[in-house]
Amino acid sequence: MGKLKLSPQDSQSRAYDSHLLSALNPQQRLAAETIDGPVLILAGAGSGKTRALTYRIAYMLEQGVQPWNILALTFTNKAAREMQERIAKLTDPELAHSIWAGTFHSIFARILRIECKYIGYDSAFSIHDSDDTLRVVKSVMQSLHISQQEFSPQMIRGSISKAKNDCVSWQQYDREKTGPYEHQVALVYAEYEKRMRRSNAMDFDDLLVNIIRLFDNNEDVLNKYRQRFSHVSVDEYQDTNQAQYRAVKLLVEPQNNICVVGDDAQSIYRWRGADIRNILDFERDYPNATVIRLEQNYRSTGTILKAANDVIKNNERQVAKNLWTENPEGDNIVLMHCQDERHEARSTASSISDCHMREFATYNDFAILYRTNAQSQPIEEALRMAGIPYRIVGGVSFFRRKEVKDFVSWLKLLVNPHDDEYVSRAVAEPPSGIGKKAMETAQAIASEHDQPLLQVFREARKYAELSRFANNLTAFAEKVFAFAGKSSTMSLSELAEMVLLESGLEKRLKDIDEEGDRLRNAEQVITHMSEVAAENEDITLTEYLEQVALVEEDTNKSENRDAVTLMTLHSAKGLEFPYVYLLGLEQGLFPLGKSDQNPDELEEERRLFYVGITRAEKALRISTCGRRFRFGETMPSSPSQFLQELDDSYTTVVGESASRSRQSSGMFDSSYNSRPVRKTYGRSRAKPDDTPVRKKLSFEELTAKSAGAAKKAPGGIAKGVKVQHPTFGTGTVQAINGSGDNTVVLVNFSSGQLKKLVLKFAKLTVVK
DNA sequence: TATTGTGTCTTTTTT
DNA sequence: AGACACAATA
């Protein structure tokens with residue numbers, strides 16, 4: 001990940017400088033030394049803003065500020081972790097660890113756990129992720145008889161979320177509603193809030209909103225935290241929303257020892273309610289602020305910086321800045337034209353192999369960035385085939401898989417039995433004999449009496465409408481309460497094991513999934529739990545679940561191995577890599593969807609492109625495909641309009657145009673410089689596209705989490721090949737569809753059965 | 001009435 | 001491909 005640059009940036013630093021700050025340039029140094037009063041650091045990409053921020057905190061410690069009085073708010077857990085590590089290196093790990101560093105959400109959750117009784121919550125409150133939120137919205141819409149065809153639940157969830165991030169309560173929203181859509185939102189919003197209250201649950205936005213509510217209404221509590229956090233800093237300030245802005249303001253007043261760092265050109269979370277005005281208006285909000293501009297870029301070559309500047313200058317709305325570098329010009333930017341995403345993936349893998357050897361680089365030096373998580377699949381496959389180790393940041397998180405969520409929902413239910421959402425999940429999986437009708441009726445009663453759902457279940461016999469369902473309802477409630485009763489006497493993992501078994505989930509997963517992958521995933525939660533518990537002995541179930549909800553799953557264990565990093569452009573913010581690959585620069589993908597029709601959205605996409613370009617230190621390779629598999633079919637794709645914003649003078653175009661590509665499929669260029677090197681990929685690659693592509697993927701390769709171990713077991717599955725299946729016997733492959741993990745093979749078994757099998761899961765072996 | 005099977009959209013980006 | 005709403009069964 002981002003490395004601490006050890007070489008001093010300013011050779012002019014004077015001899016009597018404090019040892020600590022002598023590694024900073026004058027602006028960075030000013031930033032680090034100004035620890036009292038408001039400070040605004042406008043930091044261009046690669047200008048050492050994290051460096052300034054970490055040195056600033058180290059300097060505070062040196063000046064005698066107590067670590068627990070320091071609060072550092074970041075946007076991602078990764079950034080928080082990294083900051084803490086860097087400070088630890090500069091000072092003392094013990095001290096660094098006592099600093100409050102974390103995301104807005106996790107820090108506020110921590111405070112709310114302690115203080116939530118003042119705003120009417122129980123400290124066992126659950127935290128809903130966006131999936132949960134969507135389900136609650138849908139359920140509320142159902143209760144209110146609002147058509148989900150007419151009003152998309154996703155949109156309504158988005159509107160509610162936006163309202164919260166703008167600090168608009170449902171009462172206020174209701175008063176100010178303008179049209180028929182807003183009218184529906186107001187209805188849902190109000191009922192949603194009531195249900196969340198009743199459920200003793202908060203969604204991500206509530207963590208912000210409720211902190212404000214807490215501070216607004218409880219002066220003593222507010223003062224307590226004002227005193228505790230005497231020095232506050234906020235990273236990526238351009239991405240704060242209204243709620244975050246207000247929460248911070250409440251916290252730092254009246255001392256205003258606040259330091260914010262940001263770059264309006266890197267604001268990429270407008271869609272999440274980020275308000276760029278927060279950074280633009282900082283000087284107005286905090287009079288007498290010291291404003292520091294960091295404009296020297298230490299990260300990238302002159303060429304890369306030129307490209308970045310050329311791109312961003314197309315945005316109308318931006319603060320004038322002058323980002324410059326003393327770094328050498330470096331290599332041209334390579335613009336690679338590919339036929340399709342498989343070609344793009346192979347060419348990327350091959351280019352990495354080349355560069356890895358030629359430049360004596362480590363795999364850690366490479367990053368592959370893309371706009372959407374779905375793009376990772378073909379690349380993973382290509383990297384596995386090329387034997388290149390990789391790690392994926394984000395993506396389809398383990399904790400969002402259905403079976404994992406179902407299991408975790410049971411656990412969450414034990415901590416907070418009042419949470420209606422987790423009741424309804426647990427009721428459905430495993431099937432409990434409680435169906436739609438029963439749930440609807442019970443839900444209506446719960447709303448009417450303003451009671452938690454599970455309470456209604458328990459007292460089902462009291463309600464005539466529920467008499468038909470009473471047996472199943474009370475049985476379910478008993479079960480949950482029985483679990484909760486046992487929970488105090490067990491260790492975390494014992495409890496989890498008990499729940500998995502006795503909820504019936506274990507049996508259910510065995511029944512519906514013969515391969516056992518799903519059960520294994522559920523069991524892996526228990527493993528993960530034990531691992532976390534081993535590191536942190538007295539962690540409670542509540543704390544564990546909070547971590548799962550708010551902290552991106554740390555694929556840690558393998559964090560230190562040498563591997564290429566794959567991630568979305570959003571996750572890449574704040575990071576840097578010597579060699580960066582930007583994929584899928586195509587109209588409709590990047591800029592995504594219809595964002596080219598809306599100037600604001602287009603500018604945000606452009607800033608995202610800017611972020612991508614500026615991640616690169618030494619070399620940048622951008623690729624675009626002539627066609628791409630999207631929405632279930634292959635569609636023609638045209639180059640992104642952003643590519644026109646790059647100048648020919650520093651760009652080297654390689655690869656064929658899509659029309660000429662046919663004859664030379666499988667041949668491609670992979671060089672970084674303007675000396676195109678042609679080479680054949682693999683052994684049996686040079687084939688026209690339409691011939692069934694030979695799959696050389698074993699089960700192990702396809703399921704392997706990392707490519708480190710990817711030994712090539714030439715499975716050779718192709719049309720006409722004879723295969724063996726453990727249960728179906730032998731058969732002949734009729735057809736192959738899809739690619740990567742989604743590859744499906746149609747097999748005609750000698751038993752007469754025609755089966756569609758997902759290659760990833762079907763343990764097929766080739767019969768000679 | 002609960003469960004299972006079949007068709008239809010869906011798919012940004014993150015906490 | 002995967003979730004989800006709706007329709008057919010048990």
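Note that the coordinates shown come from a computational prediction; the quantities given were computed from them, not determined experimentally. Because only heavy atoms are used, hydrogens play no part in the values below, and waters and symmetry mates are left out as well, while side chains stay in.
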Practice task
Report the relative orientation of the aromatic rings in Tyr544(A) and His528(A); use parallel for angles under 30°, tilted for 30 to 60°, perpendicular for over 60°.
Solution key: tilted
Handout entry: Whole angstrom value for the distance that separates C1' of dT14(B) from CZ of Phe108(A)
Key = 17 Å
Handout entry: Leu208(A) CG to dT14(B) P, straight-line distance once rounded to whole Å
Key = 17 Å
Exercise for the section: Compare side-chain N and O positions of Thr568(A) against OP1 and OP2 of dT12(B) and report whether any pair is under 4.0 Å apart. Expected result: no
Practice task
Take the protein atom CZ of Arg157(A) and the nucleotide atom P of dT10(B), then report the distance between them rounded to whole Å.
Solution key: 13 Å
Practice task
Could you list the residues that satisfy salt bridge (Lys or Arg N to Asp or Glu O under 4.0 Å) with Lys412(A), not counting sequence neighbours?
Solution key: none
Practice task
Please list, chain by chain and in numerical order, all residues satisfying salt bridge (Lys or Arg N to Asp or Glu O under 4.0 Å) with Glu236(A), sequence neighbours excluded.
Solution key: Lys49(A), Lys573(A)
Completion exercise
Whole-Å distance, Arg135(A) CZ to dA5(C) C1', equals 14 Å
Handout entry: Heavy-atom protein contacts under 4.0 Å, nucleotides 2-7 of chain B, coded B base, S sugar-phosphate only, - none
Key = SSS---
Practice task
Report yes if at least one side-chain N or O of Asn373(A) is closer than 4.0 Å to OP1 or OP2 of dT13(B); otherwise report no.
Solution key: yes
Fill in the blank from the handout: The residue among Leu582(A), Leu583(A), Leu643(A) that forms side chain to side chain contact (heavy atoms under 4.5 Å, CB included) with Thr624(A) is Leu643(A)
Exercise for the section: Using heavy atoms to find the nearest nucleotide of DNA chain B for Phe104(A) and Glu601(A) separately, return the residue whose nucleotide is more 5′. Expected result: Glu601(A)
Problem - Length of the line joining Glu236(A):CD and dT14(B):C1', which is rounded to integer Å - result: 13 Å
Handout entry: Proximal nucleotide (of dT14(B), dT12(B), dA3(C)) relative to the Lys402(A) side chain
Key = dA3(C)
Practice task
Quickly work out the Glu604(A) CD to dT13(B) C1' distance and round it to whole Å.
Solution key: 9 Å
Completion exercise
To the nearest angstrom, the CG-C1' distance between Asp239(A) and dT15(B) comes to 12 Å
Fill in the blank from the handout: Of the candidates dT11(B), dT13(B), dT15(B), the side chain of Gln154(A) sits closest to dT11(B)
Fill in the blank from the handout: From NZ of Lys138(A) across to C1' of dA5(C) the rounded distance in Å is 9 Å
Problem - Contacts of type salt bridge (Lys or Arg N to Asp or Glu O under 4.0 Å), residue Lys507(A), not counting sequence neighbours - result: Asp511(A)
Practice task
Could I get the full list of salt bridge (Lys or Arg N to Asp or Glu O under 4.0 Å) partners for Glu603(A), not counting sequence neighbours?
Solution key: none
Exercise for the section: Tell me whether the OP1 or OP2 atom of dT14(B) has a side-chain N or O from Ser571(A) closer than 4.0 Å. Expected result: yes
Handout entry: Stacking of Tyr269(A) on dT14(B) base (centres under 5.5 Å, planes under 30°)
Key = no
Practice task
Check ring pair (Phe, Tyr, Trp, His ring centres under 6.0 Å) between Tyr269(A) and all other residues, then give those that pass, not counting sequence neighbours.
Solution key: Trp271(A), His570(A)
